[in-house]
Amino acid sequence: MNKDSIDIILAEDEPALGMIVKESLETRGFKVRHKLNGALALDAFHEKQPDILVLDVMMPQLDGFELAKKIRVENEEIPIIFLTAKSQTEDVLEGFHVGGNDYLKKPFSMEELIVRIENLLSRQSVQKTAAIYELGEYSFNFPKQQLIYKEEVTKLTHRESHLLYHLVLKKNKVLDRTFILKKLWGNDDFFSGRSMDVFITKLRKKIAQDSELEIVNVRGYGYKLMAP
């Protein structure tokens, strides 16, 4: 792993602690963008998505958990580590529930933080290499957001790719409508539901060349990708 190319967003509202962590990581070769609150960190994320995020839980404007929820709507794979003084079981569970990958309790050692960063990045690299799925006559390259039929490559949008990814994970089983709406759209209101229906229609057209593939509507529950 080339640390010089690893970009980290660090969201920590304690200036002194944030600077210590930033400088310590930079001495190890990482690139660090330190932001003093969740809103600034979200802006930085939109400006350029990093390789990993290290988020303090208790921050002004947008706390770490709320920030993670917003990030997960746009990117499900990017690793997130929470930094917190909280140690209650429900707080830890909440962190994982909103999409965190790891949880580090303050005070912590820089060596431990670095090891956790490296482990998550290594794990993600392995997952990306393996994330190519065979769907009948199609090949779905999730990291590259491509659907390949014979030698014809169809580029998927970010949301199309993530919706198909979840359908593939639940292949021949029902993908819960409420779950996927909250996961990809952030809520399950009427307008989000109509938007998802449009994306389902688009995906149906893109897999139409294989007659054995079908996305069916399971009324009242969700969708099911029928595949051999």
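Bear in mind that the values here come from a model prediction, so they are computed numbers and not experimental data. Computed from heavy atoms alone, side chains included, the values below leave out hydrogens, waters and symmetry copies.
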same_hphob_cluster(Ile114, Leu17) at 4.5 Å side-chain heavy-atom cutoff: yes
Donor-acceptor contact present, side-chain Arg33 to main-chain Ile9, <3.5 Å: no
Donor-acceptor pair, side chain of Asn141 and main chain of Leu147, under 3.5 angstrom: no
side-chain contact (heavy atoms from CB on, under 4.5 Å) assessment of Ile148 paired with Thr154: CA-CA 6 Å; Ile148 305 162; Thr154 299; over 6 Å; no
Considering all heavy atoms, the nearest Ser24-Met110 contact: CB-CE, 3.5 Å
Single-linkage hydrophobic cluster Leu203~Phe179, side-chain heavy atoms < 4.5 angstrom: yes
Side chains of Val153 and Glu151 in contact at under 4.5 Å (non-hydrogen atoms): no
Heavy-atom closest pair, residues Phe82 and Gly95: CE1-O, 3.2 Å
Heavy-atom closest pair, residues Glu26 and Val32: OE2-O, 3.7 Å
Test side-chain contact (heavy atoms from CB on, under 4.5 Å) applied to Asn37 and Asp13, step by step: CA-CA 5 Å; Asn37 61 58; Asp13 68 321; 5.5 Å; no
Close side-chain approach of Asn172 to Leu225, heavy-atom, < 4.5 Å: no
CG-CG distance between Leu181 and Asp176, expressed to the nearest 0.5 angstrom: 9.0 Å
Nearest-0.5 Å distance that lies between atom OG1 in Thr84 and atom CG in Leu104: 10.0 Å
Whether Lys155 side chain and Lys144 backbone form a donor-acceptor pair below 3.5 Å: yes
Exceeds 12 heavy-atom contacts within 6.0 angstrom, atom NZ of Lys182: no
Check: Glu14 main-chain N/O paired with Glu12 side-chain donor or acceptor under 3.5 Å: yes
Trace of the side-chain contact (heavy atoms from CB on, under 4.5 Å) decision for Val198 with Met196: CA-CA 5 Å; Val198 170; Met196 184 174 72; over 6 Å; no
Parallel, tilted or perpendicular, as decided by the 30° and 60° cut-offs, for the rings of Phe65 and Tyr103: tilted
Step-by-step side-chain contact (heavy atoms from CB on, under 4.5 Å) determination, Lys206 to Leu156: CA-CA 9 Å; Lys206 290 180 178 180; Leu156 301 176; 3.8 Å; yes
Whether Asn101 side chain and Ile80 backbone form a donor-acceptor pair below 3.5 Å: yes
Straight-line distance of Lys35 NZ to Leu55 CG, nearest 0.5 Å: 13.5 Å
Separation of Glu160 CD from Leu163 CG (nearest 0.5 Å): 8.5 Å
Within 6.0 angstrom of Lys70 NZ, more than 12 heavy atoms from elsewhere: no
Salt-bridge criterion met for Glu112 and Arg116 (N-O under 4.0 Å): yes
Heavy-atom closest contact (Gln145 atom, Ser161 atom, distance): CG-OG, 3.4 Å
Heavy atoms of other groups near His46 NE2, more than 12 under 6.0 Å: yes
Neighbour count above 12 (heavy atom, 6.0 Å) for Lys106 NZ: yes
His162 (side chain) donor-acceptor with Asn75 (main chain) under 3.5 angstrom: no
Partners meeting salt bridge (Lys or Arg N to Asp or Glu O under 4.0 Å) with Lys224 (sequence neighbours left out): none
Test item: Asp51 side-chain N/O and Asp7 main-chain N/O as donor-acceptor pair under 3.5 Å: yes
Closest non-hydrogen atom pair between Arg177 and Gly193, with its separation: NH2-O, 3.3 Å
Atom of Ala11, atom of Ala41 and distance for their closest heavy-atom approach: CB-CB, 3.8 Å
Where at least one partner belongs to residues 196-228, residue pairs that pass ring pair (Phe, Tyr, Trp, His ring centres under 6.0 Å), sequence neighbours excluded: Trp185-Phe199
Cluster link Phe45 to Leu40, ILVMFWY, side chain under 4.5 Å: no
Gap separating the CZ atom of Arg194 from the CG atom of Asp189, nearest 0.5 angstrom: 12.0 Å
Joint cluster assignment, Met226 & Leu175, ILVMFWY side-chain distance < 4.5 Å: no
Ser139 and Ile132, any side-chain heavy atoms less than 4.5 Å apart: yes
Joint cluster assignment, Leu169 & Phe140, ILVMFWY side-chain distance < 4.5 Å: yes
Any side-chain heavy-atom pair of Leu120 and Ile52 under 4.5 Å: yes
pair Val54-Ile8: side-chain heavy atoms closer than 4.5 Å: yes
Distance in Å, Leu10 CG paired with Asp56 CG, rounded so as to fall on 0.5 Å steps: 8.5 Å
Within-4.5 Å side-chain heavy-atom neighbours: Lys171 and Tyr133: no
For residues 207-218, dump all side-chain donor-acceptor pairs below 3.5 Å to protein atoms at least two apart in sequence or in another chain.
from	atom 1	to	atom 2	distance (Å)
Asp210	OD1	Glu212	N	2.9
Asp210	OD2	Glu137	N	2.8

Donor-acceptor contact below 3.5 Å, side chain Thr201 vs main chain Asp197: yes
Salt bridge (Lys or Arg N to Asp or Glu O under 4.0 Å) evaluation trace for Arg28 with Glu118: CA-CA 12 Å; Arg28 307 300 179 93; Glu118 291 176 342; over 6 Å; no
Pairwise side-chain contact, Phe142 with Val168, heavy-atom cut-off 4.5 Å (strictly under): no
Heavy-atom side-chain proximity of Phe108 to Leu83 below 4.5 angstrom: yes
